[in-house]
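Here it is, the structure in full.
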Amino acid sequence: MLNPAQKRAVETIQWPLLINAWAGSGKTFTITERVASLVFDHHVDPRAILCVTFTNKAAKEMRTRIAKKLGVSDGGTNPFRTPSLPMIGTFHAIASFFLRMFIDRLGYDKDFIIYDSDDILQVVKECMKELSIDPKETSPRSIQGAISRAKNGGLSAEMFSLTVGSFFDSLVLDTYRLYEKKLRQANALDFDDLLLLFRATLDHADVRDYFHARFQYFLVDEYQDTNTLQYEIVRILASKTRNLCVVWDDWQGIYSWRGADINNILSFQKDYPEAVVINLEENYRSTQSIIQAANSVIQNNLNQMKKHLFTSNPVGDMILLLEGLDEKHEASVIADQIYERSNDDVSPTRYSDWAILYRTNGQSRLLEEALIRKQIPYRIYGGVKFYDRKEIKDILAYFRILYNPNDLVSLRRIINVPWRKIWDVTVEKFFSLLEREKYTIANMRDNMEFLAELPSGARNSIAGFIQIYTTLHDALSRVGVSDIMQKIIDITQYEAYLKEEYTEAEFTAKMENLKEFMNMASYYDGMVYPENIASFLEDIALITDQDREGTDTNMVSLMTIHLAKWLEFPNVVIAGAEEGIFPHSRTILDSNALEEERRLMYVAMTRAKETLVITRAYERYTFWNYSANPQSRFIKEIPEEYCKREESRRNLWGTSSPSSLDFSSPVVLKKWLDISPSLAKKKNEKETFSLGMRIKHPQYGVGTIVSLSDAVAEIAFSGMWVKKMNVEIAPIEKIS
């Protein structure tokens with residue numbers, strides 16, 4: 001049921017609307033009801049509504065809720081082509097989708113690929129090498145970061161040239177220009193390009209007209225996280241109808257380091273002076289004690305909109321403040337607290353009800369050790385991502401170079417993986433040859449005579465690699481994506497390479513990862529080439545770490561506070577509440593940065609629904625010395641009536657001495673299933689398929705066979721273009 005403020009937000013339709021939605025105030029519920037009202041009460045075509053947010057996880061939740069409310073399918077993994085559902089996605093996903101339609105206006109081909117952060121860094125290093133910029137004097141990552149900031153500020157290399165004011169800026173400019181050239185030659189974009197180039201397409205009148213004709217209503221969630229470029233995109237898209245609804249919370253503006261500009265809200269009020277402002281101040285998540293404590297902290301910020309978050313929930317437990325003798329003891333106290341409450345005889349909690357939040361990733365090590373000692377299962381958010389693991393990136397690089405032979409970054413990554421005895425000098429000579437002759441790896445097979453310029457041993461190795469590439473490339477149009485992956489593993493002897501390079505445990509884990517990767521690739525089997533590879537690569541490029549988390553299990557969650565922003569837990573521990581740690585030492589002398597730290601504390605506190613524990617250590621070992629940090633000013637800002645202090649009387653090692661700790665407790669290992677030989681595949685009987693038959697696909701949902709020639713069918717999926725698939729090998733099932 002909508003409260004009065006939520007009801008006003010739902011019913012305010014025909015003009016700009018600013019919704020101030022504070023933590024736990026039911027903003028997603030309000031957004032869902034507002035979209036439903038547009039469709040049901042005002043008869044707005046769902047295709048005329050565009051909803052934008054910042055993470056795939058948030059977009060998926062919004063899409064799921066709105067689809068359920070509208071009584072339609074959520075569109076699976078291709079929601080942008082579902083006519084009965086508004087377009088709902090992240091800025092980057094939506095930009096990528098429309099660039100496939102309009103990027104040719106900027107001189108790019110529509111079959112561009114998207115480089116990840118490692119690829120980008122490699123290109124930057126190559127540029128610096130060509131420009132004779134010493135990486136020991138100027139960090140490649142610092143130049144990469146400067147280019148990224150420029151792009152997020154809407155600046156191309158030529159526009160950036162007008163802002164150069166230092167020697168470092170001049171190095172960035174030179175690198176940026178060459179970097180732009182190399183990406184264009186490879187027909188590749190980085191993630192910043194998705195927004196920068198999408199914004200550039202909007203300078204074309206026909207593109208603007210397309211959006212103005214298609215969309216009438218716009219909704220932007222987490223508006224406080226928008227950067228300059230995103231603000232400009234939204235402003236242009238909504239410039240005709242001005243039916244723009246933005247949802248924001250200045251108390252949760254914690255991403256200035258990513259380019260987010262909390263002052264965009266001032267620009268919004270200037271651009272839309274007629275905007276209606278509605279405050280959602282009632283919290284439905286946390287207890288009164290937690291909300292009152294969080295209010296007390298955040299009210300110390302000067303630069304904020306004045307409001308007061310309240311809740312009708314029970315008072316609940318007081319905020320528990322725990323203090324350890326040092327950082328090891330602090331971690332042990334946290335583990336003890338979770339263990340004891342999860343094993344309480346009267347009202348035990350589940351481990352999965354707990355989250356431990358910390359300011360920096362470096363704090364996690366001791367927390368992990370403490371949990372291990374108590375045999376408490378845990379998982380790390382924001383660790384090594386699935387698609388960042390070496391074995392995944394290697395196989396992915398093979399796919400990228402097979403799909404796009406201009407992709408020199410991927411070629412450089414795998415030309416010597418597994419090891420082919422091609423030394424760095426030979427690699428550079430080979431790349432120089434490709435550049436001089438304007439060849440790609442694909443057309444080298446017809447020009448092998450040029451390899452005579454290389455030493456004989458290296459010539460044979462590179463010729464062997466070209467033969468591998470040719471064999472794989474020739475198979476692209478004949479077999480499915482998972483078959484190509486299996487062929488890559490087999491023909492390169494990648495499994496033997498892993499076994500030689502890693503321990504048995506590491507090898508087992510990597511093969512399990514590859515098995516899962518192959519399972520994901522099988523979704524694209526049966527699709528025609530090259531759409532199968534293009535869809536496979538693009539979907540991977542848009543996946544974020546949180547979207548790839550497995551199913552929930554009974555484990556404590558560990559993460560930085562930044563990663564916790566869109567989450568909530570019954571019980572939350574905030575570790576390391578000390579001056580210099582939280583707030584971070586870099587922020588203490590900067591009033592704006594310190595206010596963002598306080599907003600970060602507010603975010604951390606309001607993740608908790610029932611129990612909030614804040615911990616600190618009396619002293620901490622840092623750089624060969626123990627130092628005593630004062631307790632965080634944020635603790636001091638919580639009134640005593642909301643707090644309960646509890647000092648542990650155990651020794652530094654909890655209930656045990658160091659010598660008696662058992663670090664060899666049994667661990668149940670997952671059974672390893674070999675990835676090779678090829679996984680057995682179900683083969684459909686083509687005779688059982690017929691025209692008009694309804695089928696379902698794990699990636700694209702429900703479809704109808706609209707043509708059938710032998711085993712090749714054209715299948716129309718709801719709201720999408722027709723897909724050609726081989727029904728014998730496609731992962732499809734008939735709907736009875």
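No hydrogens, no waters, no symmetry mates; every other heavy atom, side chains included, goes into these values.
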Open item on the list: Checking Tyr339 now: which residues fulfil side-chain hydrogen bond (donor to acceptor under 3.5 Å, both in side chains) with it, not counting sequence neighbours?
Closed with: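 Listed in chain order: nothing, the list is empty.
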Open item on the list: Taking salt bridge (charged side-chain N to carboxylate O under 4.0 Å, His left out) as the criterion, tell me which of Arg412, Arg141, Lys393 meets it with Asp118.
Closed with: Lys393
- [ ] Not counting sequence neighbours, which residues clear side-chain hydrogen bond (donor to acceptor under 3.5 Å, both in side chains) with Asn301? List them please.
- [x] Arg598
Task: Nearest atoms (heavy-atom pairs only) where Asp192 meets Ser148 - done: OD2-OG, 2.7 Å
Task: Ser632 and Glu578 side chains, donor-acceptor separation under 3.5 Å - done: no
Task: salt bridge (Lys or Arg N to Asp or Glu O under 4.0 Å) evaluation trace for Glu61 with Lys57 - done: CA-CA 6 Å; Glu61 180 184 359; Lys57 183 181 179 69; over 6 Å; no
Would you tabulate the side-chain donor-acceptor contacts of residues 580-588 under 3.5 Å, counting partners in other chains and residues two or more places apart, or write 'none'?
unit_1, atom_1, unit_2, atom_2, d
His584, ND1, Arg586, N, 3.0
Thr587, OG1, His584, O, 2.8

- [ ] Examine distances only and state if a side-chain atom of Asp190 and a backbone atom of Tyr115 form a donor-acceptor pair shorter than 3.5 Å.
- [x]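 Not a single qualifying donor-acceptor pair exists.
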Task: From Asn283 atom CG to Thr606 atom OG1, the distance as rounded to the nearest 0.5 Å - done: 7.5 Å
Open item on the list: Is it the case that the side chain of Asn300 and the backbone of Val297 share a donor-acceptor pair, with hydrogens and angles ignored and the cut-off at 3.5 Å?
Closed with: yes
- [ ] Examine the side chains of Asp525 and Ser482 and answer whether a donor and an acceptor come within less than 3.5 Å of each other.
- [x] yes
Task: Pair Asn571-Asp353, side-chain donor/acceptor within less than 3.5 Å - done: no
TODO: Kindly say whether Ser286 contributes a backbone atom to a donor-acceptor pair with the side chain of Asn313 at under 3.5 angstrom?
DONE: yes
- [ ] State whether the side chain of Ser332 and the backbone N or O of Lys328 hold a donor-acceptor pair below 3.5 Å, judged by distance alone.
- [x] no
Open item on the list: Run the side chain to side chain contact (heavy atoms under 4.5 Å, CB included) test on Met601 and Phe634 for me, step by step, so that the C-alpha distance in whole Å, both residues' side-chain angles and the decisive distance to 0.1 Å come before the verdict.
Closed with: CA-CA 7 Å; Met601 184 63 171; Phe634 304 146; 3.8 Å; yes
TODO: Check step by step if side-chain hydrogen bond (donor to acceptor under 3.5 Å, both in side chains) holds for Ser557 and Trp354.
DONE: CA-CA 6 Å; Ser557 296; Trp354 287 89; over 6 Å; no
Task: For Arg350, side-chain hydrogen bond (donor to acceptor under 3.5 Å, both in side chains) partners two or more places apart - done: Ser352
Task: Taking every non-hydrogen atom, the tightest pair across Ser410 and Ala397 - done: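 What the structure gives for the nearest pair is CB-O, 3.5 Å.
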Task: Modelled atom types, side-chain donor and acceptor of Arg379 and Tyr381, under 3.5 Å - done: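 Note: Arg379 and Tyr381 side chains meet the donor-acceptor criterion.
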Open item on the list: Just to verify, what does Lys390 make a side-chain hydrogen bond (donor to acceptor under 3.5 Å, both in side chains) with, not counting sequence neighbours?
Closed with: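 With sequence neighbours excluded, Lys390 shows a side-chain hydrogen bond (donor to acceptor under 3.5 Å, both in side chains) to Asp394, Tyr497, given in chain and number order.
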Task: Lys565 and Asp225 ion-paired at < 4.0 Å - done: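 Yes, this pair counts.
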TODO: Give the C-alpha distance, both sets of side-chain angles, the deciding distance and a yes or no for side chain to side chain contact (heavy atoms under 4.5 Å, CB included) between Arg359 and Thr560.
DONE: CA-CA 6 Å; Arg359 178 62 180 82; Thr560 63; over 6 Å; no
Open item on the list: Return the CD1 to SG distance between Ile635 and Cys643, rounded to the nearest 0.5 Å.
Closed with: 8.0 Å
Task: CG-CD1 distance between Leu567 and Ile561, expressed to the nearest 0.5 angstrom - done: 12.5 Å
- [ ] Name all residues meeting the ring pair (Phe, Tyr, Trp, His ring centres under 6.0 Å) criterion together with Phe399; count only those two or more places apart in sequence or in a different chain, and write none if there are none.
- [x] Phe536
Open item on the list: Just verifying a value: how many Å separate Ser139 OG and Gln144 CD, rounded to the nearest 0.5 Å?
Closed with: 9.0 Å
Task: Distance-only side-chain donor-acceptor flag, Trp566 / Glu222, under 3.5 Å - done: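 Short answer, yes.
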TODO: Would you please say whether a donor-acceptor pair under 3.5 Å links the side chains of Ser96 and Glu538?
DONE: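 There is such a pair between these side chains.
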Task: 4.5 Å side-chain heavy-atom contact, Thr138 and Ile143 - done: yes
Task: The single option from His562, Met559, Met605, Gln363 passing side-chain contact (heavy atoms from CB on, under 4.5 Å) against Leu357 - done: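 That would be Met559; it is the only one of His562, Met559, Met605, Gln363 passing the side-chain contact (heavy atoms from CB on, under 4.5 Å) with Leu357.
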Task: Closest non-hydrogen atom pair between Ser522 and Pro731, with its separation - done: O-CG, 3.5 Å
Open item on the list: Between Glu596 and Asn592, does the side-chain hydrogen bond (donor to acceptor under 3.5 Å, both in side chains) criterion hold? Intermediate values first, please.
Closed with: CA-CA 6 Å; Glu596 182 158 325; Asn592 289 330; over 6 Å; no
Open item on the list: Can you tell whether the side chains of Glu495 and Lys499 come within less than 4.0 Å, N to carboxylate O?
Closed with: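 No salt bridge links Glu495 with Lys499.
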Task: Nearest-0.5 Å distance, CD1 of residue Ile540 to CG of residue Asp116 - done: 10.5 Å
Task: Contact summary for Gln493 and Pro418, nearest pair of heavy atoms - done: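 Where Gln493 meets Pro418 most closely, the heavy atoms are O-CG, 4.3 Å.
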TODO: Could you please spell out the steps behind the side chain to side chain contact (heavy atoms under 4.5 Å, CB included) verdict for Leu194 and Ile114?
DONE: CA-CA 9 Å; Leu194 294 176; Ile114 304 170; 4.2 Å; yes
TODO: Please assess Leu371 against Ile356 for the test side chain to side chain contact (heavy atoms under 4.5 Å, CB included), listing each intermediate value before the final yes or no.
DONE: CA-CA 11 Å; Leu371 294 173; Ile356 305 175; 4.2 Å; yes
Open item on the list: Tell me whether Glu568 is salt-bridged to Arg607, with the criterion being a basic N under 4.0 Å from an acidic carboxylate O.
Closed with: no
Open item on the list: Exactly one of Glu330, Glu323, Gln337, His329 should register a side-chain hydrogen bond (donor to acceptor under 3.5 Å, both in side chains) with Thr615. Which one does?
Closed with: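 It is Glu330, the one option of Glu330, Glu323, Gln337, His329 that forms the side-chain hydrogen bond (donor to acceptor under 3.5 Å, both in side chains) with Thr615.
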Task: Leu498 side, atom CG; Ile489 side, atom CD1 - distance, nearest 0.5 Å - done: 8.5 Å
Open item on the list: On a heavy-atom basis, which atom in Thr287 and which in Val315 lie closest, and how many Å separate them?
Closed with: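 It is CB-O, 3.3 Å.
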